[in-house]
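The structure follows.
Source: prediction; values computed, not measured. Basis for what follows: all heavy atoms, side chains included, without hydrogens, waters or symmetry-related copies. In what follows, chains are A, B, ... by sequence order, proteins preceding strands, each numbered from 1.
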Protein chains: 2
Amino acid sequence: MSTKQKPADRALHLEQFLPYRLNVVGFFASRALGRVYGTRFGIGIPEWRVIAQLGEFGQLTSRDIGELSQMHKTKVSRAVTELDKRGLVTRSENRADRREAFVALTPAGQRIYAQIVPLALAFEERWVEGIAAEELRTFERVLAVLTERGRHLAGAYHAEEA
Amino acid sequence: MSTKQKPADRALHLEQFLPYRLNVVGFFASRALGRVYGTRFGIGIPEWRVIAQLGEFGQLTSRDIGELSQMHKTKVSRAVTELDKRGLVTRSENRADRREAFVALTPAGQRIYAQIVPLALAFEERWVEGIAAEELRTFERVLAVLTERGRHLAGAYHAEEA
DNA sequence: CCTGGTTAGTTACATGTGCAACTAATGTCA
DNA sequence: TGACATTAGTTGCACATGTAACTAACCAGG
């Protein structure tokens with residue numbers, strides 16, 4: 001069968017293996033950024049994601065937050081509870097559907113959001129500094145493709161269909 | 001200088017925020033690949049990383065494994081213990097330095113490694129299928145830069161210096 | 001209505017993980 | 001040689017997190 005190589009014949013080098021590399025860079029990203037708001041504001045990644053979504057969209061149900069920020073509903077639940085305890089968010093019942101509640105930032109929460117945003121953007125800026133804009137665009141385009149495929153390959157949380 | 005925007009003025013969109021995106025794609029990668037060897041071989045990500053490194057390098061100390069695969073030493077310790085219990089690796093004392101031990105795959109471990117490698121490569125293949133080779137190269141080059149910077153920004157595990 | 005199915009959100013439980021402290025061995029420097 | 005620092009690896013502990021089970025509310029079809 002001509003020059004076509006059988007997969008089994010190729011070797012695996014973990015440090016070049018894409019899933020591994022993506023996992024490592026994602027880990028570094030979390031950890032590095034986590035320090036920024038962890039040490040200064042005492043909040044963790046799940047809490048940060050909730051704040052970020054509320055800062056952007058104003059008012060959301062826990063379900064929406066989970067969907068938008070790719071977090072398990074229990075993680076969202078706990079993060080919202082924690083933020084509520086600290087007075088950074090409020091929960092208000094939806095009269096039209098009393099199963100769900102709208103979560104929103106309090107003034108204190110908005111202040112924290114306003115403080116974190118520039119730090120986060122500066123962090124990102126520093127991280128990609130010096131990379132050519134064209135290369136970065138390509139990078140992000142491929143990243144989007146990989147993320148979308150990954151979502152399906154992973155079967156985001158549940159959704160065992162197909 | 002004229003058009004330059006101050007960071008504080010820009011808005012943050014989590015779904016376009018690079019650290020977040022990298023974390024999400026890394027999460028999908030782990031989860032998807034984890035299914036491959038998790039459901040068929042009953043091993044987790046740390047165990048897989050240990051096996052992968054041993055399959056590639058033959059014999060390593062736990063310290064080396066941790067360094068090569070970016071895992072905390074306690075995670076390595078537990079993964080090796082688990083693999084030892086299952087008869088997939090052996091530990092042999094280093095006479096020249098009795099603090100450390102060489103870990104290596106047993107024949108059973110090698111068989112599992114030989115089974116997983118083609119699955120992992122096929123998974124990677126399917127994941128990047130259809131992406132232009134040139135774009136993929138650019139992607140990987142940028143990824144390498146981001147990983148290296150991330151390592152420093154995160155301060156891999158300890159190394160609180162500077 | 002009311003019965004069965006679905007959905008938003010919480011909680012009990014088990015597991016995974018990092019940090020700190022520890023043991024045991026090696027290295028260093030006087 | 002001996003005292004102190006360092007390193008490989010393990011373990012106690014606290015905490016984070018996913019799964020499954022649960023509650024409460026909504027929805028569909030009779």
- Please name all residues satisfying side chain to side chain donor-acceptor pair (under 3.5 Å) with B:S69, sequence neighbours left out, ordered by chain then number. none
- Would A:L68 and A:F57 satisfy side-chain contact (heavy atoms from CB on, under 4.5 Å), going step by step from the backbone distance to the final call? CA-CA 10 Å; A:L68 288 167; A:F57 294 102; 3.8 Å; yes
- Note on the structure: Overall bend of the helix from C:dC1-D:dG30 to C:dA30-D:dT1 (five pairs an end, 10° steps) is 20°
- Message: With a 4.0 Å limit, can you tell me whether A:H72 has a side-chain N or O closer than that to the phosphate oxygens OP1/OP2 of D:dT19?
- Response: yes
- Option from B:T106, B:T90, B:V89 for which side-chain contact (heavy atoms from CB on, under 4.5 Å) with B:L83 holds: B:V89
- Rounded off to whole Å, could you give me the CG-to-C1' distance for the B:N94 and D:dG9 pair? 14 Å
- Could you tell me whether A:E82 and A:R78 make a salt bridge, using a distance below 4.0 angstrom between a side-chain N and a carboxylate O? no
- Query: Using 4.0 Å as the upper bound for N to carboxylate O, is an ion pair formed by A:R63 and A:E100?
  - Reply: no
- Query: Starting at CD of B:E82 and ending at P of C:dG16, how long is that distance when rounded to a whole Å?
  - Reply: 8 Å
What nitrogen or oxygen pairs link the protein and nucleotides 8-12 of chain C at under 3.5 Å?
from   : atom 1 : to     : atom 2 : distance (Å)
C:dA8  : OP1    : A:R63  : NE     : 2.8
C:dG9  : OP1    : A:S62  : N      : 3.3
C:dG9  : OP1    : A:A101 : N      : 3.3
C:dG9  : OP2    : A:S62  : N      : 3.4
C:dG9  : OP2    : A:R63  : N      : 2.5
C:dG9  : N7     : A:K73  : NZ     : 3.3
C:dG9  : O6     : A:K73  : NZ     : 3.0
C:dT10 : OP1    : A:R91  : NH1    : 2.6
C:dT10 : OP2    : A:S77  : OG     : 2.5
C:dT10 : O5'    : A:S77  : OG     : 3.4
C:dA12 : N6     : A:R78  : NH2    : 3.0

- Message: Looking at A:K75, I'd like to know whether one of its side-chain N or O atoms comes within less than 4.0 Å of OP1 or OP2 on D:dA16.
- Response: no
- Is it true that B:R126 and B:E129 have a side-chain N and a carboxylate O under 4.0 angstrom from each other? no
- May I have the distance from A:E93 (atom CD) to D:dA24 (atom P), rounded to whole angstrom? 14 Å
- Which whole-number value in Å describes the distance from B:M71 CE to C:dT17 P? 9 Å
- Can you list the steps and then say if A:I65 with A:L54 is a side-chain contact (heavy atoms from CB on, under 4.5 Å)? CA-CA 8 Å; A:I65 295 170; A:L54 294 176; 4.1 Å; yes
- Task: Using the test salt bridge (charged side-chain N to carboxylate O under 4.0 Å, His left out), find all partners of B:R137 that sit at least two apart in sequence or belong to another chain.
- Result: B:E134
- Message: Nearest whole Å is fine: how far is C:dA25 P from B:R95 CZ?
- Response: 14 Å
- Proximity to DNA chain C (any heavy atom under 4.0 Å), residues of residues 40-57 of chain A only: none
- To the nearest Å, how far apart are B:F27 CZ and C:dG16 P? 16 Å
- Message: Please enumerate all residues that pass salt bridge (charged side-chain N to carboxylate O under 4.0 Å, His left out) together with B:R91, with sequence neighbours excluded.
- Response: B:D84
- Message: Less than 4.5 Å apart, side chain to side chain, heavy atoms only: is that true for B:L22 and A:F28?
- Response: no
- Note on the structure: Atom CG of B:D84 and atom C1' of D:dG9 are separated, to the nearest Å, by 14 Å
- Task: Could you tell me whether the side chain of A:R21 and the main chain of B:E140 form a donor-acceptor pair under 3.5 Å?
- Result: yes
